[in-house]
Amino acid sequence: MNTKSYVEKNKDRFINELVELLKIPSISADPAYKDDVIKTSEVIKNSLLEAGCDKVEICETPGYPIVYGEKIIDPNLPTVLVYGHYDVQPPDPINLWDSPPFEPVIKKTDLHPEGAIFARGACDDKGQMYMHVKAMEYMTANNDLPCNVKFMIEGEEEVGSESLGWFLERNREKLANDVILISDTGMIAKDVPSITTGLRGLSYVEVEVTGPNRDLHSGLYGGAVANPINILCDMISQLQDEDNRITIPGFYDKVEELSAEERAEMAKAPFSQEAYNKALDIAQEHGEKGYTTNERNSIRPTLDVNGIWGGYTGEGAKTVIASKAYAKISMRLVPDQDWHEITDLFKKHFESIAPAGVKVKVNPHHGGTAYVTPIDSLGYKAASAAYEDTFGKTPIPQRSGGSIPIVALFEKELNSKSILMGFGLDSDAIHSPNEHFGVWNYLKGIETIPHFYKHFTEMSK
């Protein structure tokens, strides 16, 4: 039975299994959900066993466990290592969800007339990770697995994958492979398949601005004491100039500049600025001068405030000057920028622009290195052929604005290239309220992935 027929025959079960997985709130960022995160690892273990893995184990780490599975049919054949994660982002703000984030519902949309699964983690990354589990099921059930396969599914991706490096250092032999396969990215459109060939790096920090030693009455002290919230807003506004370039000294020193030819190739991807603006309900695009929207969100570094708070935010009014103000700030980085170096540059600069009336503290959280995969590798060629088999067209290589810090770590620790076969869409609202994953996309992923194994094995001979 071919992949398309198998998926069609089992699609209801595939959808129901994913729905059950999405009901578990495996939020790694919140210790209150520790038991749910661990429960999810057990579910993944059982799913891999049922899918045909000969060996599956839950590997303890200093943080959340990593689920490892394998099926070795012949040591002389190539080995594919599948990476994914079972943890999810916090669902906040809850009030902006149309349905509870951990009570999955399938609803039809204009883009998904066959339905989309709405739930936290539907696309990032439970839905896309589970495609690989079901693809494995197809290959073992139909005696169609052409090579060896290993799975490494972690529970800390959404909080920086801190334990993953620890695990890789101690298990290089166990994880040895010829290529790493990941589905934690997207494609340009349902009818325009694409393969992600580049990822931005990341530096994530939290800043704290402290003024007076306690909250003050804004009438008695206003105008005489530095207001940390006002100061923080002013400091943040100084981080970019009128051309939306980042003002941190040294920030652009190592930024990779793409050639005119490379930029011209990127511009071939179908894109409508009008449709983009309409989908986001914005009147005009915004970003670094001299670059297109697709360049701004993929090949250029950025700085964004991800959260800001302080003072009174409850119902009604409270006339207060807060003692402290806080913000979380992320910087997306491009090839050749070192996230440790950028974090240090940010810290020095942010502290230097603080007025004398406040104290500033910068707390680095986590980060990662940008990554570019060559399109002439066997892995890329195999992925391209797989998409051609099921979509009937050659996929477009594209650079993503997102960050998967572990991809560069894999190359360093395992000396392996990663192939990013994503089936999500930009409109899937990952990390946002009403995250969803199209049923068609989910099933198409299950149908396509086994073709990668076939082509990679044949090309490796």
Side-chain angles (χ1 to χ4, degrees), residues 159-162 196-209 228 230-260 262-263 266 285-308 325-356 358-373 398-409 411-412 431:
V159 290
S161 300
E162 187 171 340
T196 300
T197 58
L199 295 164
R200 288 193 289 192
L202 175 69
S203 168
Y204 196 99
V205 301
E206 182 173 323
V207 299
E208 174 185 312
V209 176
N230 293 3
I231 297 293
L232 175 58
C233 291
D234 182 56
M235 291 173 67
I236 289 172
S237 72
Q238 295 179 51
L239 295 175
Q240 289 172 304
D241 64 19
E242 63 275 8
D243 291 330
N244 294 306
R245 280 180 63 87
I246 297 161
T247 56
I248 300 170
F251 187 88
Y252 290 96
D253 285 358
K254 296 181 180 179
V255 169
E256 176 196 43
E257 295 288 348
L258 266 65
S259 67
E262 289 175 288
R263 293 175 69 180
M266 285 187 62
E285 62 275 15
H286 180 85
E288 184 182 359
K289 185 177 180 180
Y291 295 90
T292 67
T293 293
N294 281 344
E295 290 174 334
R296 289 166 178 164
N297 63 24
S298 62
I299 64 170
R300 299 301 296 167
T302 63
L303 184 151
D304 286 291
V305 178
N306 303 128
I308 185 168
Y326 306 84
K328 294 180 185 289
I329 297 172
S330 65
M331 289 162 282
R332 299 287 174 169
L333 311 176
V334 296
D336 298 333
Q337 285 184 297
D338 179 272
W339 75 270
H340 297 285
E341 182 178 332
I342 293 298
T343 301
D344 288 340
L345 290 175
F346 175 90
K347 183 177 187 295
K348 292 173 184 175
H349 179 64
F350 202 72
E351 291 173 346
S352 74
I353 62 174
V358 298
K359 295 184 287 291
V360 170
K361 186 176 181 181
V362 176
N363 299 306
H365 273 255
H366 59 272
T369 304
Y371 182 80
V372 177
T373 189
Q398 69 163 350
R399 292 207 185 186
S400 169
S403 303
I404 310 179
I406 48 85
V407 174
L409 182 65
E411 181 154 340
K412 175 187 174 186
H431 292 208

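Atom-to-atom distance recorded for Leu303:CG and Ile246:CD1 is 5.0 Å, nearest 0.5 angstrom. The CD1 atom of Ile231 lies 13.0 Å from the NZ atom of Lys359; values are rounded to the nearest 0.5 Å. Rounded to the nearest 0.5 Å, atoms CZ (Arg300) and OG1 (Thr292) are 11.0 Å apart. A distance of 12.0 Å separates CG of Asn294 from CZ of Arg263, quoted to the nearest 0.5 Å. Taken to the nearest 0.5 Å, the CD1 atom of Ile404 stands 5.0 Å off from the CG atom of Leu199. Distance check: Arg200 CZ to Leu333 CG gives 9.0 Å after rounding to the nearest 0.5 Å.
With Asn297 contributing its side chain and Gly401 its backbone, the two residues share no donor-acceptor pair below 3.5 Å.
Applying the side chain to side chain donor-acceptor pair (under 3.5 Å) criterion to Asn244, with sequence neighbours excluded, gives His286. The side chain to side chain donor-acceptor pair (under 3.5 Å) check on Arg332 picks up Ser403, with sequence neighbours excluded. The side chain to side chain donor-acceptor pair (under 3.5 Å) check on Glu256 picks up Arg399, with sequence neighbours excluded.
Looking at Tyr252 and Glu257, their side chains never come closer than 4.5 Å, going by heavy atoms from C-beta outward. The shortest side-chain heavy-atom distance between Thr373 and Val407 does not fall under the 4.5 Å cut-off. Using a 4.5 Å heavy-atom threshold, the side chains of Leu202 and Met331 count as separate. In this structure, Asn306 and Tyr204 have side chains that are in contact, with non-hydrogen atoms separated by less than 4.5 Å. Contact annotation: the side chain of Leu239 never approaches that of Val305 to less than 4.5 Å [non-hydrogen atoms, C-beta and beyond]. Side-chain contact between Val207 and Met235 is absent, with no heavy atoms from C-beta onward closer than 4.5 Å.
Ser298 approaches Val334 most closely through the heavy-atom pair O-CG1, 4.3 Å.
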List, one per line, each side-chain donor-acceptor pair under 3.5 Å for residues 346-354, sequence neighbours excluded.
from: Lys347; atom 1: NZ; to: Glu351; atom 2: OE2; distance (Å): 2.9
from: Ser352; atom 1: OG; to: His349; atom 2: O; distance (Å): 2.6

Would you be so kind as to tabulate the donor-acceptor pairs closer than 3.5 Å made by side chains of residues 362-371, with sequence neighbours excluded?
from: His365; atom 1: NE2; to: Glu206; atom 2: OE1; distance (Å): 3.2
from: Tyr371; atom 1: OH; to: Glu411; atom 2: OE1; distance (Å): 3.2
from: Tyr371; atom 1: OH; to: Ser418; atom 2: N; distance (Å): 3.3

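Sorted by first and then second residue, the salt bridge (charged side-chain N to carboxylate O under 4.0 Å, His left out) pairs with a member in residues 232-253 read Arg245-Glu288; sequence neighbours excluded.
Using a 4.0 Å cut-off between charged side-chain N and carboxylate O, Arg296 and Glu285 make no salt bridge.
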